[in-house]
Amino acid sequence: GAGVSQSPSNKVTEKGKDVELRCDPISGHTALYWYRQSLGQGLEFLIYFQGNSAPDKSGLPSDRFSAERTGGSVSTLTIQRTQQEDSAVYLCASSSTGGWQPQHFGDGTRLSIL
Amino acid sequence: GENVEQHPSTLSVQEGDSAVIKCTYSDSASNYFPWYKQELGKRPQLIIDIRSNVGEKKDQRIAVTLNKTAKHFSLHITETQPEDSAVYFCAASGGSSNTGKLIFGQGTTLQVKP
């Protein structure tokens, strides 16, 4: 497809379980971002990937959160030992080269922790 | 770190009136300022952006102004229509690393009454 694709669209899991969220950026985009949007709130930066450079992990809220980007394309955000406060919509965005290039968002994964 | 404040949090206007949303940012090195529109349950959509080398940009009924000295920027929507009803987010990015990671305001819920 032409846009940013995220899966699953919804995820419900029990507290303490691990979850994996997937993002497939726009083809050819080298920059990939993860954001989190809690209910009724703004978007919070989590992590940034650019090509083969070391990722900017400055927004990850705890060491339970990690992400990787294999082959410079698809990215996976992993949350270990989920807590109720992890419930949110996790949004992925990509841009052609990073910097001040426009970021295009996917539809997000709505994560609910019971 | 960078902080973005957005006002008002809610805005109600009559169809045909203008709407103005204001944001201030803290990092004087910020150089890219996008605005996103998010309808309920949908992805954020980029509607307009401005770079720090210009003071104003227009696209049909939407305009953005930037005052770098005062570190604030504003979104102006003229001749509002019911379909403009949504949550609007401002954001800022830049700084010495210029990764493009966006720091978002808390959002403005715009209601356009027919």
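Order of the sequence lines fixes the chain letters, A, B, ..., with proteins taken first and strands second; residue numbering starts at 1 for each chain. Since the structure is predicted, the reported quantities are computational estimates derived from the model, not experimental observations.
At most 12 non-hydrogen atoms from other residues, nucleotides or ligands lie less than 6.0 angstrom from CD of A/E14. Around the CG atom of A/N52, the shell of radius 6.0 Å holds no more than 12 heavy atoms that belong to other residues, nucleotides or ligands.
The contact between B/L46 and chain A is made entirely by side chain atoms (from C-beta outward), counting heavy-atom distances below 4.5 Å. Heavy atoms of B/Q38 lying under 4.5 Å from chain A belong exclusively to its side chain. Neither the backbone nor the side chain of A/T97 comes within less than 4.5 Å of any heavy atom in chain B. Within the 4.5 angstrom heavy-atom criterion, no atom of A/V89 approaches chain B. B/P34 does not touch chain A: none of its heavy atoms, backbone or side chain, sits under 4.5 Å away.
Contact annotation: the side chain of A/L43 approaches that of B/F89 to within less than 4.5 Å [non-hydrogen atoms, C-beta and beyond]. Two residues are said to be in side-chain contact when any heavy atoms from C-beta on lie closer than 4.5 Å; B/S93 and A/Q103 fail this criterion.
Residue A/W34 is grouped with residue A/F65 when hydrophobic side chains (ILVMFWY) are merged at heavy-atom distances under 4.5 angstrom, including chains of intermediate members.
Across all their heavy atoms, B/R43 and A/G106 have their closest contact at CB-O, 3.1 Å.
In this structure, A/Q101 contributes its side chain and B/G100 its backbone to no donor-acceptor pair below 3.5 Å. Checked by atom type and distance alone, the side chain of B/Y36 never pairs as donor or acceptor with a backbone atom of A/F105 at under 3.5 Å.
A distance of 11.0 Å separates CH2 in A/W100 from CD1 in B/I50, rounded to the nearest 0.5 Å.
Your options are A/E44, A/Q37, A/Q50, and the one with the most heavy-atom pairs under 4.5 Å with chain B is A/Q37. For the options B/R51, B/K42, B/Q6, heavy-atom pairs under 4.5 Å to chain A are most numerous at B/R51.
Checking each of A/F45, A/Y48, A/Y35 against B/L102 for a side-chain contact (heavy atoms from CB on, under 4.5 Å) leaves exactly one that passes, namely A/Y35.
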